[in-house]
Peer 1: 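A single structure is presented below for examination.
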Amino acid sequence: MIAKDRVIAAALAAAMLGAVLFIAAYATGGSRLYEGLSLALSAAGLCGAAVGWAFWILPDEQVEDERDDYPSGASDRAAEDLETTSGLIDVTRKRLLTRMLYTALGIFGLALIVPIRSLGPALGDAAFHTKWRKGLRMQRENGSFVKASDLNVDSVATVFPEGAVGDAQSQTVLIRVGDGVAANAGGYIAYSKVCTHAGCPVALYRTAAKQLMCPCHQSIFDVVNDGAVVAGPADHALPRLPIEVGSDGYLRATGDYPEPVGPGFWERG
Amino acid sequence: MISRLLDWIDDRLGTAHFVSHALRKAFPDHWSFMLGEINMYTFLVLIATGTFLALFFDPSASKMTYNGPYALLDGTHVSSAYDSALKLSFEVNGGLLMRQVHHWAALIFVAGIITHMARVFFTGAFRKPREINWLIGLGMLMLAMFEGFAGYSMPDDLLSGTGLRIAVSILLSVPFIGAWASSLLAGGVFPDSGVMLPRLFVAHVYIIPATIAALMAVHLAILWRQKHTDFPGPGRTERNVVGSPLFPKYAAKSMALFAAVVAIVFAFGAVVQINPIWIWGPYVPWQILSPAQPDWYVGWLDGALRISPPVAFHFFGRIIPSPFWPAVLLPGVLFTFVAAWPWIEAAWLNDRRAHHLLDLPRNVPVRTGIGVAVITFCFGLLLAGSGDIQARYVQEPITTITRFYQIFCLIAPIVAFFLTYWLCVELRSRSGVHKAPRVRLRRNAEGGFDEETIA
Ligand code: FES
């Protein structure tokens with residue numbers, strides 16, 4: 001055996017070994033690491049053998065191909081023209097029928113597309129309103145209701161309208177900013193948690209700056225300035241939920257959001 | 001044995017002439033002609049591993065309680081999709097390996113397509129008569145990106161759910177039809193209707209791969225018909241193509257490439273963890289990971305979303321919201337530009353001839369410059385997509401990083417263009433006729449030097 005043959009033989013032996021190891025790895029419980037590496041070894045062996053074969057064993061001959069001629073000759077083109085256009089015109093001289101044929105095909109195609117409509121309802125009301133209504137209390141994910149005394153200053157909670165825990169459109173971030181901030185109920189401010197840029201949850205609250213930040217594209221909203229955009233790609237402020245502290249101490253909405261929550265869309269205006 | 005089989009087939013199909021010619025087809029030897037094949041073989045790996053995964057994965061949004069070997073999630077409410085993806089990872093022998101190989105292969109697939117397209121672009125292989133394959137290739141690239149996105153969105157983990165949320169919002173931003181289209185995709189307002197996962201499954205497992213396979217077949221058939229391009233050189237003309245015969249030499253090389261692709265994706269799948277969905281956790285619409293980055297071939301769009309200015313366009317009570325510009329208009333313009341390039345160039349150079357011999361990139365400085373500029377631009381966007389991580393790393397506010405990439409993406413492509421242009425011109429002048437003759441210096445008896453030119 002000459003040296004090069006020996007290398008190829010070794011590669012093939014590695015390929016065999018890898019395959020056997022893979023079977024063994026699989027049979028003994030299946031570790032991702034050993035299964036993957038053994039199969040990789042097997043393929044690498046085959047690769048080495050094929051490379052050796054290609055460069056050392058197979059003759060280094062070059063073949064030469066003629067390129068085909070195109071465009072085809074003038075006569076073929078003329079014949080094609082005749083068949084498809086001028087020739088066809090004779091056959092289809094019946095104007096009315098031809099037009100009807102095209103129309104029929106068009107409407108047929110349209111009919112085939114229409115059932116796509118079944119995929120989803122018109123967005124309608126769902127895009128413009130959430131489940132918040134006047135008087136609804138704020139419910140946490142675990143079902144408990146938020147009282148005005150529950151949160152410390154600078155802490156944050158994710159809340160839903162009473163009875164609609166988990167409703168993604170209605171998710172609201174409730175912040176106790178403390179007193180001394182304009183227009184809030186008992187030191188609380190509530191904003192829609194759906195980012196007005198592309199809908200991610202606005203989940204990061206920067207206490208010192210009193211800003212909400214969206215981790216997706218880093219839009220920053222000013223909590224004490226009506227949710228206005230401070231930086232980032234969002235093009236409008238976070239909608240603010242009107243709230244009050246009820247006589248029983250529970251925080252309640254005094255209505256739905258005054259504008260649609262979440263990212264913008266054509267009809268939103 | 002083989003010859004009897006071939007005879008048997010020839011008796012029935014009369015293929016001997018075709019086969020004997022096909023096996024002698026010339027495949028030029030330059031390595032860059034094999035870039036496209038990487039994608040073909042990666043696609044095969046994707047089909048094989050994907051089939052394995054599809055046998056176990058359940059794309060259902062119905063809720064259940066997780067109760068499996070991954071103790072940290074025990075008792076969590078998850079979707080069946082997420083649950084089956086975890087089962088696939090932890091309880092199916094070979095499952096995690098297949099998942100990781102599939103994911104790595106997907107990353108390589110898109111990267112391979114782009115590399116192949118770059119080769120075709122920079123050498124002018126897209127020129128007449130190959131415009132059709134340029135368009136088909138671009139189509140496959142876009143499909144591959146959608147396919148990858150649909151694929152990693154299906155496990156319904158926190159990262160992928162967030163990605164879907166953004167994707168639906170992008171669709172929502174399209175003027176006039178946005179609300180309607182996003183409702184069709186999500187079956188109403190995202191994500192409450194729960195129809196998206198099965199739909200993504202249909203798209204990811206049937207529609208898109210079948211379309212890619214069909215396009216690939218046409219791509220190869222056209223390649224077969226038109227034959228390879230070739231670099232200029234001795235004996236190479238517009239009338240011929242010279243190279244190794246398909247069989248056995250080129251077939252051996254190609255098989256080596258196939259085996260190498262398999263070896264690499266399996267080694268990666270074995271060793272390098274990818275998309276550990278059990279760490280992300282199940283998708284909960286009011287939770288989010290931070291930092292969060294998509295797969296790289298979506299990352300440039302995410303970067304574009306991050307650095308685009310917050311401009312919405314209001315008129316007559318209607319609005320075009322800010323995600324539209326970076327996430328719909330920008331890729332739309334970019335892909336249209338790429339698709340139209342063969343015609344743009346033909347019109348600009350007034351060159352309508354067919355070309356089978358390739359350009360060296362340095363010989364076409366403007367084209368090369370434009371290509372490098374586009375790549376620089378997209379690379380800038382991709383980097384911007386991880387701005388939050390960089391901000392943490394360099395301890396700068398994120399707004400500074402964003403501003404940096406806004407400027408970078410405007411300036412760097414222009415700089416890259418001129419730099420490339422200059423480099424090409426420089427290289428071209430050095431390689432060509434202006435090259436100084438090689439000389440040998442010889443000491444002469446007087447102590448000086450004699451010059452002697454070498455041929
Ligand atoms: S989704 Fe919040 S910044 Fe983009």
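Below, read A as the first sequence line, B as the second, and so on, with proteins coming before strands; counting in each chain starts at 1.
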Peer 1: For the interface with chain B, which of A:H236, A:R117, A:R268 has the highest count of heavy-atom pairs at distances below 4.5 Å?
Peer 2: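 Top count of heavy-atom pairs under 4.5 Å with chain B: A:R117.
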
Peer 1: Between A:F55 and chain B, which part of the residue has a heavy atom less than 4.5 Å away: side chain, backbone, both or neither?
Peer 2: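 Answer is both: backbone and side chain atoms of A:F55 are under 4.5 Å from chain B.
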
Peer 1: So does B:T237 get a backbone contact from the side chain of A:R67, meaning a donor-acceptor N/O pair under 3.5 Å?
Peer 2: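 Between the backbone of B:T237 and the side chain of A:R67 there is no qualifying donor-acceptor contact (under 3.5 Å).
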
Peer 1: Using non-hydrogen atoms only, which part of A:L204 is less than 4.5 Å away from chain B: side chain, backbone, both, or neither?
Peer 2: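 Side chain only.
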
Peer 1: Is the shortest distance from a Lys or Arg side-chain nitrogen in A:D65 or B:R239 to a carboxylate oxygen in the other one below 4.0 Å?
Peer 2: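 Salt bridge between A:D65 and B:R239, a charged N being under 4.0 Å from a carboxylate O: no.
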
Peer 1: Within the distance-only criterion (no hydrogens, no angle test), does the side chain of B:K249 pair as donor or acceptor with the backbone N or O of A:D60 below 3.5 angstrom?
Peer 2: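 Pair absent, no side-chain N/O of B:K249 close to backbone of A:D60.
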
Peer 1: Treating B:R306 as the side-chain partner and A:C216 as the backbone partner, does any N or O pair qualify as donor plus acceptor under 3.5 Å?
Peer 2: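 Answer holds: yes.
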
Peer 1: So does A:P121 get a backbone contact from the side chain of B:S183, meaning a donor-acceptor N/O pair under 3.5 Å?
Peer 2: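 Confirmed, B:S183 side chain pairs with A:P121 backbone.
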
Peer 1: Could you look at A:Q171 and say if it's the side chain, the backbone, both or neither that has a heavy atom under 4.5 Å from chain B?
Peer 2: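 Just its side chain gets close to chain B.
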
Peer 1: Is it the side chain or the backbone of A:Q218 that comes within 4.5 Å of chain B heavy atoms, both, or neither?
Peer 2: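 The answer is the side chain of A:Q218.
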
Peer 1: If I measure from the heavy atoms of chain B, does A:V194 come under 4.5 Å with its side chain, its backbone, both, or neither?
Peer 2: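 Contact with chain B is through the side chain of A:V194 alone.
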
Peer 1: In terms of heavy-atom proximity below 4.5 Å to chain B, should A:A168 be classed as side chain, backbone, both, or neither?
Peer 2: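 The answer is both parts of A:A168.
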
Peer 1: Taking 4.0 angstrom as the limit, do B:R24 and A:E64 come out as a salt bridge?
Peer 2: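 Here B:R24 does not pair with A:E64 in a salt bridge, since their nearest N and O are not under 4.0 Å apart.
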
Peer 1: Would you say the ring centroid of A:W266 lies under 6.0 angstrom from that of B:F315?
Peer 2: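 Judged by ring-centre distance (under 6.0 Å), A:W266 and B:F315 do meet the cut-off.
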
